[in-house]
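Heads up: the structure comes next, in C-alpha cells.
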2 protein chains.
Amino acid sequence: MTQATIRDVARHAAVSVASVSRALNGAASVSPATRDRVQASARALGYVPNAAARSLSLARSNTIGVVLPELHGEFFSEIVRGMDRAAGSLGLQLLLSNMHADVELAAHALRAMRGRVDGLLIMAPELAAATLIDALPGQQPAVLINCAAAGRSHPGFGIDNRAGAAAMVRHLLAQGRQRIVHLAGPGSNLDARERQEGFTAAMAELAPGAPVEVLAGDFHEETGMAAAQALLSRGPACDAIFAANDQMAIGAMRALQDAGVDVPGRIAVAGFDDVPVARYLALSTMRVPIAEMGARALARLARLIDGTDTTTDVELLVPELVVRGTTATGAISNKNPQEEPTS
Amino acid sequence: MTQATIRDVARHAAVSVASVSRALNGAASVSPATRDRVQASARALGYVPNAAARSLSLARSNTIGVVLPELHGEFFSEIVRGMDRAAGSLGLQLLLSNMHADVELAAHALRAMRGRVDGLLIMAPELAAATLIDALPGQQPAVLINCAAAGRSHPGFGIDNRAGAAAMVRHLLAQGRQRIVHLAGPGSNLDARERQEGFTAAMAELAPGAPVEVLAGDFHEETGMAAAQALLSRGPACDAIFAANDQMAIGAMRALQDAGVDVPGRIAVAGFDDVPVARYLALSTMRVPIAEMGARALARLARLIDGTDTTTDVELLVPELVVRGTTATGAISNKNPQEEPTS
DNA sequence: GAGCCAGATGTAACCGGTTACACGATGGCC
DNA sequence: GGCCATCGTGTAACCGGTTACATCTGGCTC
C-alpha cells in the first residue's frame, strides 16, 4: 500500500474528509471528541498530508525559490545559511537552483519553479538588468540580490561596494600610503564595477593629486599573482595594492612574498569580502555580511509575499573595515592574528 | 489576472485541454497543425505549467529533498555543489532543509517534504541509527550520507575514515615519527569515532610497540590550541599530532607556533578533510572528496527512485593523503605552498 | 410547542494538471 | 459500397487536499 490519504483517515475515523482537514489544521468548530478521534486515526495510519495537493488547493507552497550563480565556497554557504535561518523561523522551505551562467538555463530554472514556490530570491551579479527582468516570471514576487536590475520593478539587496571601497581607500591613505593601485574584478560583475567606481571616486575626493591606477583582473588568485609581478617588474613602484576581492589580494601577497618584498613594509595589500582564509593570512579587507544579507532578503521576500511590504527600493548593507597585518604601518604581523574569535 | 492555466490555453487555441497537454509534453499523436497552434497560444499567454498540479497528477515531482546538519562553510557548499551538478544533469531540483540538530525538528522537516520530493538525501553524522530510521518516512526512497544507520534498510555513502586515518598514520610513521597523539572529534559524531578507531587500529598494526594516545576533542579550533598547550606543558613530549579534522589541527599549529615550537621539526601536525585554508597553512591532511560524494549520492538516489538500483549497501569514498609542510621531515616550508593549482 | 440560532458535520466543487476511454473522420481493402 | 483499422481529438475522472454551502442537531426564548 502506498501512503495514506485524507480519505483513508476519514474512513478510519468514521468522519468526513472535511472534518479531518479541519481537525488537523486546528480550524474552528470541531468537537473535541472528533478532533481526538481524527488525530488518533492519523497517527495510526501514519498519515502525512501531501504537500503538492495542499499547494495546489491553497495556491500557497510555503516554499521560497533560491537562484544563485556559480559561487565560490564560502560565499555560497554563508548566504544559504542566512536564508535557511530566516526561512526556518518563518516555517518556509528553500528550493535551490543554480543559475548556471546561461540565461536560457536560468529562465528554465525559473520556469520549473512555477507553482512550486511563493516567491523568488535571485542573485545575479553578472546579468544585465534588462535580460534578468525579461526572464522573471511577471506575477511572481521576487527579491533581487546583487543585481543590476534591482530597485525598478523589484526590491533588492546589495552590498554598498562604493562605501566599502571608499572606506578602504581612506584607511590606506591614513596609513600614509601614497600610490594605491586598484586590482579590479571582471567588468561583467556588478560588485566589481561598483568597487572600482568606489575606488576612483574616493581617490579623486580624498587624494586629489595622487596617481590613480586600475589594473584589470578577474577575481582569481592567479591574476593577483600576475598583477603583483607585473607591478614589481615595471617602473615606478606603488606602495599599496587594493584588490577587488580577497582571492586576488592573496595572490598578490604570495607573489610579493616570493619576490622578497616586505608586506606591509614596502607594499600594503588589502582585499574585499573577508573570506575565512583572510584571517589566517592576516589580510586586511572589507567584511561583507553575507549571511545577514541572505536572512534579510528572505525576510523581506516573506513580507512582499504576504503584502506587508510592497516597496521596491534597494537596501544596501555596508561592509566593515577589518584591519589586519597586511596594511599595518608598524611591524609585519603575519602570524598569529588573533584579533577575532574563531567563527 | 493571474497566471494562465491549461484551460486558458485550450480556449485560446480552440482545442481541448487534453490536446494542449499532449502537445506541450511532446506526446504521441498530435497533428502538427494543432501542436503549432497550441505552442503559439501558450507563448502568447505566457503559459507556464503549474508544478504542484503536475506533481499531484503524476505522483512525481522531479525534486530531491536534501537534509543536512549544521555544517561549517566549506563542507556544506561542496556537498551541495556536487548534488546540484548531478541534479542539474538529471533534470531534478533540490529542496533544501537543515537538520537543526533536534530530532523533533528533523522529523518535521522530513514530514514537510512529503509529496514535494521523490526521494531524500540525508546526512546525519550525529544521529543514532535507530532514531534516524524511526524518523524516516517509510515509503520514501532515501540515501543516507555519513549515517550510522546506512546499509541496513537504506543505501548509503560515506567516507572511509578508517582507511584515511590508517594512511595518515602510515605516512607519519614513514616520516620517522614515534609518538603520535590523536586529537579526536566529538564522540557523538560518526566520522570522529571512525577516525579514532582507524587511528588506534593502524597504530596497533603498524607500530605495535609505540605508545598510543588519544585526546578528546570537539572539532573546534580552540580545542586544538588547548590540546597542544596541554601536550607541551606536561611531561613526555610527542613528536606528531594527528587531529581528527583540520580545524583542530590548525588550532594546534597556532598554539605550537605561539610557543615557539618548530613545526614540523619538533612536532608534526596533520589534519583531516582538506578544507581550503589547509592549503594556505601548508597543513598535511586527508582530502575528502565531498562534492563527489554529493554527486554520487544523488545519482544513486535517482537510480533508486526509478528502480534501476535497489541495493542497500554503503559505498565508501577513500580520502587522499595530501602531504604539505607540516609533516615534511626536511625543512619547514610553511610559506608558498604551491603543490596544487588554485581551485 | 413553535421558531430560531449556533455549532458540528457532511457533500461536493474546486485548485491545474494528466490520461483512460469514447468518438468521429479518414482511408485502405475486399 | 461496406467494413474496419487508424489517427486525431474531446470528455470526464482522477490525483489529494481545502472550503463554501447545505444539513442536521440540540438548546434557547417566547
Side-chain angles (χ1 to χ4, degrees), chain A residues 1-39 41-42 45-63 111-118 137 139, chain B residues 1-39 41-42 45-63 111-118 137 139:
Chain A
M1 148 191 131
T2 69
Q3 274 284 355
T5 74
I6 197 173
R7 291 171 224 270
D8 296 324
V9 177
R11 200 172 310 122
H12 188 275
V15 294
S16 71
V17 292
S19 291
V20 175
S21 177
R22 286 190 276 249
L24 295 180
N25 291 314
S29 72
V30 186
S31 76
T34 305
R35 183 187 311 276
D36 292 348
R37 213 164 63 251
V38 168
Q39 284 172 347
S41 294
L45 297 176
Y47 170 71
V48 180
N50 182 307
R54 205 147 201 273
S55 299
L56 180 58
S57 182
L58 292 174
R60 186 81 147 71
S61 62
N62 289 315
T63 302
R111 210 162 297 276
M113 288 187 167
R114 160 83 210 282
R116 225 187 270 276
V117 302
D118 297 333
Q139 321 291 337
Chain B
M1 148 190 132
T2 70
Q3 275 284 357
T5 74
I6 198 174
R7 289 171 227 269
D8 296 325
V9 177
R11 201 172 311 123
H12 188 275
V15 294
S16 71
V17 292
S19 290
V20 174
S21 178
R22 288 190 274 249
L24 295 180
N25 291 314
S29 75
V30 187
S31 76
T34 304
R35 182 185 312 275
D36 292 349
R37 214 162 62 251
V38 168
Q39 283 173 346
S41 295
L45 298 175
Y47 169 72
V48 181
N50 182 308
R54 204 145 201 274
S55 299
L56 180 57
S57 183
L58 293 174
R60 187 81 150 69
S61 63
N62 289 314
T63 301
R111 208 163 298 275
M113 288 187 168
R114 160 84 211 282
R116 224 187 270 278
V117 302
D118 297 333
Q139 320 292 338

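Order of the sequence lines sets the chain letters (A, B, ...), proteins ahead of strands, with each chain counted from 1. Note: hydrogens, waters and symmetry copies are ignored here, and every other heavy atom, side chains too, is used. These numbers were taken from a predicted model, which means no experiment stands behind them.
Under 4.0 angstrom from either OP1 or OP2 of D:dG8 there lies no side-chain N or O belonging to B:T34. When the side-chain nitrogen and oxygen atoms of B:S19 are compared with OP1 and OP2 of D:dG10, one or more of them lie within a distance under 4.0 Å. Of the side-chain N and O atoms in B:S21, none sit less than 4.0 angstrom from OP1 or OP2 of C:dT19. Here A:R22 does not reach the OP1 or OP2 of C:dA8: none of its side-chain N or O atoms lies under 4.0 Å away. Taking only side-chain nitrogens and oxygens, A:S57 never comes nearer than 4.0 Å to OP1 or OP2 of C:dC15. Considering only side-chain N and O atoms, B:N50 lies nowhere under 4.0 angstrom from the phosphate OP1 or OP2 of C:dC15. OP1 or OP2 of C:dG10 lies within a sub-4.0 Å distance of a side-chain N or O belonging to A:S16.
Helix bend of the helix from C:dG1-D:dC30 to C:dC30-D:dG1: the angle between its two end axes, each built from five pairs, comes to 60° after rounding to 10°.
For the atom pair OH (A:Y47) and CD1 (A:I6), the distance works out to 4.5 Å, reported to the nearest 0.5 Å.
As a whole-Å value, the separation of B:I6 CD1 from D:dA13 C1' is 15 Å. Between B:R116 atom CZ and D:dG17 atom P the separation is 13 Å, expressed in whole Å. As rounded to whole Å, 10 Å separates atom P of D:dG17 from atom CG of A:L24. Atom CG of B:D36 is separated from atom C1' of D:dG8 by 15 Å (rounded to the nearest Å). Following rounding to the nearest Å, A:L58 (CG) and D:dA20 (P) show an atom-to-atom distance of 11 Å. Atom CZ of B:R54 is separated from atom P of D:dG17 by 21 Å (rounded to the nearest Å). C:dG16 atom P lies 14 Å from atom CG of B:L45, rounded to whole Å. Going from atom CZ of B:R60 over to atom C1' of C:dT19 covers 18 Å, rounded to whole Å.
Counting any heavy atom pair closer than 4.0 Å across all strands shown, A:A18 reaches a base atom.
Between the side chain of B:R114 and the backbone N or O of A:N50 there is no donor-acceptor pair closer than 3.5 Å. For A:S41 (side chain) and A:R37 (main-chain N/O), a donor-acceptor pair under 3.5 Å exists by modelled atom type. The backbone N or O of A:R116 sits less than 3.5 Å from a side-chain atom of A:S61, completing a donor-acceptor pair. Judged purely by atom type and a 3.5 angstrom limit, A:R22 has no side-chain atom pairing as donor or acceptor with the backbone of A:V30. Under the 3.5 Å distance criterion, the side-chain polar atoms of B:S19 are left unmatched by any main-chain donor or acceptor of B:V17. A donor-acceptor contact shorter than 3.5 Å is absent between the side chain of A:D36 and the backbone of A:A33.
Comparing B:V17 and A:L56 by the nucleotide of DNA chain D that holds the closest heavy atom to each, the one mapping nearer the 5' end is B:V17.
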